[in-house]
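All chains are named by letter (A, B, ...) in the order of the sequence lines, taking the proteins before the strands, and each is independently numbered beginning at 1.
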Protein chains: 2
Amino acid sequence: MEEDLFKALADPTRRVILDELTDRSGQSLFEICARLATRHGLAISRQAVSQHLAVLEAAGLVTTRREGRYKFHDLDTRPLEHIVSRWLTPAPPEDTP
Amino acid sequence: MEEDLFKALADPTRRVILDELTDRSGQSLFEICARLATRHGLAISRQAVSQHLAVLEAAGLVTTRREGRYKFHDLDTRPLEHIVSRWLTPAPPEDTP
DNA sequence: ACGATAGGCAAGTAGCCACTTGCCTATCAA
DNA sequence: TTGATAGGCAAGTGGCTACTTGCCTATCGT
């Protein structure tokens, strides 16, 4: 859903998570939490990060794979190409809410 | 401001306005209102559109010029290039809210 | 000058969203 | 099996935001 993509990008914390996954894809929830805290000074609860990841997954920006008790998160930037092409290239309008 | 850009893109009505300005740049507030109604079926008040345009202008996506009692709105897509390059190319992370 | 058109300002409201809190399930190590 | 680790679910709360309403200013045509 196109709507989900823009909603996902609207939050600064989610953008930092994308930065984190750009730096190292395939992190678990706890890894992401730790790196948000240590490298970005973000004091944020595990649930908050979990909810952000769900939003990013709904937007197609993150894919997940389960391995035992771990769940790894991988970045998928393909939806992003798709977004700028809407206005940078002469393309027809899309959603009408 | 980077934050303003993503916030601006988060709203579906604002994205349709960008579509409208992509189709024809330099429209006045009333023109945009009319075309949102006729071409997109959006029953939206003039003030709402005005506020949306202010948000788009704060994001740098729209520039305005006054001529008499008219105020024309022009599209500027440059901030958009800037946004996807953050994750599509190996670039350093940015905002930490 | 007067009415009509184009737009601005400000306050109020309703709905959404990020975040927390509390509890629960599942996997692994000892 | 027990405890610890990794994650999920659900309800509640505070703040932000899109939209409306009402009134005001400025420019143009006649």
Taking atom types as modelled and ignoring hydrogens, do the side chains of T64(B) and E57(B) form a donor-acceptor contact shorter than 3.5 angstrom? yes
On the six-membered ring of F6(B), is R15(A) placed so that its NZ or CZ lies under 6.0 angstrom from the centre and within 45° of the ring axis? yes
Presence of [X] side-chain N/O under 4.0 Å of [N] phosphate oxygens OP1/OP2:
X      : N       : result
S45(B) : dT20(D) : yes
K71(B) : dT27(D) : no
S50(B) : dG8(C)  : yes

Quickly work out the [X] [atom1] to [N] [atom2] distance and round it to whole Å.
X      : N       : atom1 : atom2 : result
L36(A) : dC19(C) : CG    : C1'   : 14 Å
L29(A) : dA26(C) : CG    : P     : 18 Å
D11(B) : dC17(C) : CG    : P     : 11 Å
E3(A)  : dC17(C) : CD    : P     : 8 Å
I44(B) : dT17(D) : CD1   : P     : 17 Å
E67(A) : dA26(C) : CD    : C1'   : 16 Å
F72(B) : dT27(D) : CZ    : C1'   : 13 Å
R46(B) : dG22(D) : CZ    : C1'   : 11 Å

Which residue lies more 5' along DNA chain C, comparing R66(A) with Q47(A) via nearest heavy atoms: Q47(A)
On DNA chain C, nearest-nucleotide positions of K7(A) versus A48(A): which is more 5'? K7(A)
How many angstroms lie between CG in L75(A) and OG in S25(A), if you round to the nearest 0.5 Å? 5.5 Å
If you round to the nearest 0.5 Å, how far is CD1 of I32(B) from CZ of F72(B)? 10.5 Å
From the options dT20(D), dT20(C), dA6(D), select the nucleotide whose nearest atom is closest to the side chain of Q51(B). dT20(D)
Which nucleotide sits closest to the side chain of R69(A): dT5(D), dC19(D), dA6(C)? dT5(D)
Does a side-chain N-to-carboxylate-O contact under 4.0 Å join K7(A) and E3(A)? yes
